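Chain naming here is simple, since letters A, B, ... match the order of the sequence lines and numbering starts at 1 in each. Small disclaimer: the values here were computed from a predicted structure and weren't measured.
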Amino acid sequence: MNQIPDRFDHANAASRILQAWDEAKCSHAEVNPDRKPFTVVIPPPNVTGALHLGHGLNNTLQDIVVRTRRMQGYEALWMPGTDHAGIATQAVVERRLKEQENLSRHDLGRDGLVSRIWDWKAQYETRILGQLKRMGCSCDWDRLRFTLDDVCAAAVRATFYDLFSKRMIYRGKRLVNWDTFLQTAVSNDEVENVTKKGHFWHFTYPVINPNAGEPAQVEIATTRPETMLGDTAVAVHPDPAKAFDKVEQELRSKLTEATDKERSEIQNQIDALDARRSEMLPQLEQLRDMALDGRKLMLPLMDREIPLIADTWAKPELGSGCVKITPAHDPNDYEVGLRADLPMINILNPDGTINAEGGLYQGLTIPQARKKVVADLDALGRLGEVEDREIELPHSDRSKTPIEPYLADQWFVAMSELAQSAMDAVQDERVKIFPERYRKGYLDWLGEKRDWPVSRQLWWGHRIPIWSTNGLNEAAADDAVARLSMMPAHAAGDLQAHIDNREDGSRSVYVCIRQEDTVVEEEIEAMGFVRDPDVLDTWFSSALWPHSTLGWPEKTAELEYFYPTSTLITSRDIITLWVARMVLMGLNNIGDIPFNEVFIHPKILDGLGETMSKSKGNGVDPIDVIDKFGPDALRFGLARLATDTQDVRMPVQYECPHCEKLIDQTKKNRSLPKLACPGCNQDFSTQWAETEEDKSLPKAAVVSERFETARNFVNKLWNAARFVLMNMEDYSPQTVTIEDLPLEDRWLLSRLSTVTQQVTEGIEHYKFAESTRVLYNFAWDEFCSFYVEIAKPRLADPDKRALTQAVMAHGLDTLLKLLHPVMPFVTEAIWECVNQVAPERGVPNPAASPKFVMKSAWPTAVAEHHDESIERQFAEFQEVVGAIRKIRASQNIPPRETVPVAIRCSDSSLQLLQPMVSYFASLAGAEVVLIGPTATAFETDAPLALTSIDVDVHVDLEKFIDVEAELARLDKLKSQLEKQIKGKQQKLGNENFVARAPADVVDKERASLADLEKQSESVEGDIERLRNKSAQ
RNA sequence: GGGCGGUUAGCUCAGUUGGUUAGAGCGCCACGUUGACAUCGUGGAGGUCGGAGAUUCGAAUUCUCUACCGCCCA
């Protein structure tokens, strides 16, 4: 056994163990009527990139729960998979394409780009799965899914078809970035802002029937005059004074941090603002009052009445302080329009010319319309100042033409029923959310019942299964539907057609096809139907995850058995986007909730309190932590920080690749391409290295020393096990009688029972930090520091050896099981060794152990083993040990010296301490020469009174006395006592306290004061004696 | 602007129903290495619990206000 290394070689062990688990299919789950199912679906990580520490936490917690339940005898399925993450992934791939090959998506075409993204997916999925595996995640890898694979695609199609059939999918308007040249919507990241020279036109709108004293017109200013054709309101700030104050306050706070140079500039701005305020405030407040009073304006050129409204989008510090509102052609105005429930008038044709809504201006291009609008307003005398100004203008990356915000047709899912069903599920606690406070956000969000825009102008995703023809008249539409209804697919229930009456009076026909079917698709395309180019919002497929992964819409045995899943563990930023939608889709598709419980875990922040991300340079790769500290340390370290209130702050360091020194990350150094190590003075590179020179330097891993404690704990456990194994060569299993066991064994069994209960309850209630702490303290401070230390002399005693081995093996066995969900690798590695020397173990009756701790039975808290009084008694023993150690330390007595000790205690304590007397030698280097009610102080005595247990400890200092040190210790003790006595006296001197506090509290205080006074007297006596003695 | 959370030792965090001297790990100081472990052992120093007020005999703990930090929504 001596060849077992004294450090756990996690790298070697982990790969060996992973392979063994894999070969034994330890994490595979099957439909098994003999067991209860326990199911968790993984929040599928985006295939955008690699996992970070947040995923590390998320997956560690899931694995802890899953491993625990598996050991508890459930058929535990952890369903793994990844998410195609529509826009994020497409954007990443497109960016790379641009950087590396200078190609755009349009150069590759739809199929070309999608195939590139599949390549990317393959690469990153492999990497992600590798990360999960190395973390020890016990997913059922045979069941791996991807949100864009065939099984998920079938679920998406079936769901969409169902909603379409129920008329819950509809065509609606939404503001998008419109490229008038390509006549298509472009995504946000395809838009680049170009600064151009432009103008800021001021003009006025007349007020309809102003009251006396009110202005006859309102001035507004715009960079896009032609949009006034679509104006449906003019806004003024609801509290202009406050708005002015706020701007001024911001400027002033800027002033305090400004350099001298900037200062005069900012001061000028403040002065200008003040001047503006005194000039304009009364007028703006008057306008605000007019708005609240319902005053209307007449929109020139169009002769349309529009309201004056109060909205914070109007900025008193800018322009005229009033702003025209064109909801259909400006994102901010759109929001105002939603808030104020304004009409949204689209004045553009898809090609960028003015449509019929633009009246006389119909047919003009935007520049033409602009010119004419300005000229016509001028002719009406409504044109004021025209300022030259630089304007940020969004341009399409592709066509290089200006983007027009444009109210375009999009697909929506009607939410009112779906949202209500998901609210009900949480309100009546069919779905329980922990911590409970997250219910509110969930319910509030769903309560708005905003319809869900599900179409995305992307290529990567589930393409919307709708074909349409537009611009039909009523007869043509009816005819099309009639023809569609004759198709066999319609009769089979695989095809649905709806007629949509468009705003312009024309008809559109939409066809939805349930399954991918090229024959039907070609047939309807031949009829003139065109497939929608858009794809679905990525959350649409994620919303189906709990049932699509189990094979729905097929009625699989898995679905029957594993659904609804047991718990969902995720982070709070996707409660609405994902969790809520899974609930409503589960209810819609299956008629049952997707999971019984949801646990929301904290977020991982860096040392500066910022979220970790690759783009900030503070992202930590779990693999780097595993390489440095091991997978168990990563998991334990994360789990012990996972409380349910506090986000986790994790200071981050670079690890010098030359000398392994850890260098704290700062805001400054985390964005540098290379750094010099302050330890060895050598350069290393970071993720930002770009030049060949920098890239040739070795790269520093980004890690956190927060994992050191956990790594040390793994090592501690390893060494405790090593000790046990070293003393087991002659082990033979035996039945033990609990009642006959000595106190130390009873204590261990009782503690094991208590700890088992705490840990089990902790994990079942998602108290990961608490369970982890209980395990850490028990393993280190009780099992190692006391039980193993006590076992040493017992193992040396031939009469006691066998029994000690039996109990010790059992203790280690239980500890390994309890720790396994958190630290699977080291526990499995030890288990393997224990199985060699003690394959049969257990108290009271030994039994054969399974090959893997992973597949062993979770310990149960044994009521007969639990004994509160034994735990309390043992605590007395521990306290006495502590007292002796304190005295020794204060006297600087060398550890190898044995000191004589006298222990004054009650008879009942004597009963406990007497059998433990011999252990004071190994634990405190003490020989107990006197013990019991009559034990007295030594001639040269160092005393310590333990009032709470009514024990006095005396150490004989004859051989060791350091008078100065002892006097110092006693003086300190005395002043501490006096401080406490004073506090108590004050408390008891307070009549209110004595009169009003419960009697038992008062009595306790009195007794405690008496004790303290007694102690104080005795310490004074000791001091006196010592002084006299040293004076002699 | 609304909602939620946080603020406890140099750092990262615990603190159950209000009740003796507020805890842990890391870091720091002192001493210690012949057999489980220096990724260790023993002991020590260090905080009055963001601020103000209220309730109470008694508040880190309950309530109100406030400052700052973070997240979500708008």
Side-chain angles (χ1 to χ4, degrees), chain A residues 1-2 4-8 238-239 242 312 335 338-339 435 437-442 444-445 448 571-577 602-603 605 607-611 629-630 633 637 640-641 643-651 664 704-706 708-727 769-770 773 776-777 780-781 784-785 788-789 791-792 881-882 884-896 923-925 947-948 969 972 976-977 979-980 983-984 987-988 990-998 1000-1002 1004-1005 1007-1009 1011-1012:
Chain A
M1 283 302 155
N2 278 325
I4 302 178
D6 64 5
R7 291 190 184 184
F8 176 54
D239 189 350
K242 200 170 156 194
T312 51
E335 296 297 330
L338 289 179
R339 279 199 288 272
R437 64 171 183 276
Y438 291 113
R439 281 167 56 108
K440 186 171 161 50
Y442 172 100
D444 286 353
W445 185 80
E448 290 183 24
S571 83
R572 74 171 97 90
D573 37 6
I574 50 178
I575 294 173
T576 53
L577 295 174
K603 286 180 75 90
L605 311 172
L608 305 164
E610 297 181 37
T611 42
F629 299 104
R640 70 193 281 274
L641 293 172
T643 64
D644 60 12
T645 49
Q646 182 104 322
D647 283 345
V648 176
R649 270 193 189 219
M650 185 153 299
D664 283 343
S704 176
E705 63 189 353
R706 289 284 134 211
E708 258 180 28
T709 306
R711 190 264 322 266
N712 294 352
F713 180 54
V714 170
N715 198 247
K716 184 75 181 179
L717 182 72
W718 177 254
N719 278 292
R722 211 169 136 242
F723 171 80
V724 174
L725 293 165
M726 284 167 130
N727 287 285
E770 199 182 306
R773 203 170 17 250
Y776 181 92
N777 292 337
W780 201 306
D781 299 336
C784 292
S785 295
V788 166
E789 288 308 318
K792 284 175 182 173
V881 168
I884 301 173
R885 284 172 175 171
K886 263 186 208 168
I887 296 171
R888 292 188 64 120
S890 69
Q891 285 294 309
N892 259 325
I893 297 171
R896 235 169 308 158
L923 286 165
T947 33
S948 61
R969 181 181 78 92
K972 195 176 139 196
Q976 278 174 352
L977 286 167
K979 217 167 93 186
Q980 286 172 52
K984 299 272 176 211
K987 202 166 186 179
L988 286 162
N990 181 345
E991 278 174 35
N992 277 327
F993 173 70
V994 180
R996 301 202 197 183
D1000 60 322
V1001 172
V1002 177
K1004 220 162 107 192
E1005 287 297 307
S1008 157
L1009 177 61
D1011 271 342
L1012 288 168

Inset, instruction - Assign A/Lys972 to base, sugar-phosphate, or nothing according to its heavy-atom contacts below 4.0 angstrom with the strands shown. - result: sugar-phosphate
Legend entry - Smallest separation among heavy atoms of A/Glu1005 and A/Phe993, with atom names: CG-CZ, 3.8 Å
Legend entry - Length of the line joining A/Phe8:CZ and B/C40:C1', which is rounded to integer Å: 19 Å
Legend entry - Contact summary for A/Ser785 and A/Leu923, nearest pair of heavy atoms: O-CD2, 3.6 Å
Inset, instruction - Measure the distance from CD on A/Gln976 to P on B/A22 and round it to the nearest whole Å. - result: 11 Å
Legend entry - Test item: A/Arg706 and A/Val648 side chains (from C-beta on) under 4.5 Å apart, heavy atoms: no
Legend entry - C1' gap between B/U17 and B/G58, integer Å: 16 Å
Legend entry - Nearest-angstrom distance, C1' atom, B/U55 to B/G70: 31 Å
List every contact pair, protein side and nucleotides 69-74 of chain B side both N or O, where the distance is under 3.5 Å.
from  : atom 1 : to       : atom 2 : distance (Å)
B/C71 : O2'    : A/Arg572 : NH1    : 3.2

Inset, instruction - For A/Lys979, answer base if it contacts any base atom (sugar-phosphate contacts may also be present), sugar-phosphate if it contacts only those atoms, and nothing otherwise; contact means non-hydrogen atoms under 4.0 Å. - result: nothing
Inset, instruction - Classify the angle between the aromatic ring planes of A/Trp780 and A/Phe713 as parallel (below 30°), tilted (30 to 60°) or perpendicular (above 60°). - result: parallel
Inset, instruction - Find the runs of at least 3 consecutive base pairs, i with j, i+1 with j-1 and so on, that include RNA chain B, using Watson-Crick or G-U wobble geometry with both distances under 3.5 Å. - result: B:1-7 with B:67-73, B:10-13 with B:23-26, B:28-32 with B:40-44, B:50-54 with B:62-66
Legend entry - Touch class at under 4.0 angstrom, heavy-atom based, for A/Thr643 against every strand present: sugar-phosphate
Inset, instruction - Please examine the side chains of A/Ile575 and A/Trp445, heavy atoms only from C-beta on, and report whether any two atoms are closer than 4.5 Å. - result: no
Legend entry - Pairwise 5' ranking along RNA chain B for A/Ile893 and A/Glu770, keeping only the more 5' one: A/Glu770
Inset, instruction - Could you work out the separation of B/U62 and B/G15 based on their P atoms and round it to a whole Å? - result: 12 Å
Legend entry - Rounded distance in Å - CD (A/Glu708) to P (B/A38): 15 Å
Inset, instruction - Name the nucleic acid region contacted by A/Val1002, choosing base, sugar-phosphate or nothing; use a 4.0 angstrom heavy-atom cut-off, strictly under. - result: nothing
Legend entry - A/Asp664 CG - B/C11 P separation (whole Å): 13 Å
Legend entry - A/Phe629 side chain reached by A/Val714 side chain, heavy atoms, under 4.5 Å: no
Inset, instruction - Could you work out the separation of B/G46 and B/G10 based on their P atoms and round it to a whole Å? - result: 11 Å
Legend entry - Separation of the P atoms in B/U48 and B/U39, to the nearest angstrom: 34 Å
Inset, instruction - Report yes if the side chains of A/Leu725 and A/Arg722 come closer than 4.5 Å at any heavy-atom pair, otherwise no. - result: no
Protein-nucleotides 53-55 of chain B N/O pairs closer than 3.5 Å?
none

Legend entry - Touch class at under 4.0 angstrom, heavy-atom based, for A/Thr709 against every strand present: sugar-phosphate
Legend entry - A/Arg969 side chain reached by A/Ile887 side chain, heavy atoms, under 4.5 Å: yes
Inset, instruction - Would you kindly check if the NZ (Lys) or CZ (Arg) of A/Lys792 is within the cone defined by 45 degrees around the ring axis of A/Phe723 and under 6.0 Å from the six-membered ring centre? - result: yes
Legend entry - Lys/Arg N to Asp/Glu carboxylate O, A/Lys984 vs A/Asp1011, below 4.0 Å: no
Inset, instruction - Take atom C1' in B/U61 and the same atom in B/G18, then report the distance between them in whole Å. - result: 6 Å
Legend entry - Heavy-atom side-chain proximity of A/Arg649 to A/Leu641 below 4.5 angstrom: no
Legend entry - Euclidean distance for P, B/C73 against B/C13 (whole angstrom): 24 Å
Legend entry - Earlier contact from the 5' end, RNA chain B, for A/Arg711 and A/Arg640: A/Arg640
Inset, instruction - Remember a base hit wins even if backbone is also touched, and classify A/Lys886 as base, sugar-phosphate or nothing at under 4.0 Å, heavy atoms. - result: sugar-phosphate
Legend entry - Polar side-chain contact A/Arg885-B/U42 base: donor and acceptor under 3.5 Å: no
Inset, instruction - Working to the nearest 0.5 Å, report the span between CG of A/Leu988 and CG of A/Leu1009. - result: 6.0 Å
Inset, instruction - With the side chain counted from C-beta on, respond yes when A/Phe8 and A/Leu717 share a heavy-atom pair under 4.5 Å apart, and no when they do not. - result: no
Inset, instruction - Provide the distance between the two P atoms, one in B/G5 and one in B/G25, to the nearest whole Å. - result: 30 Å
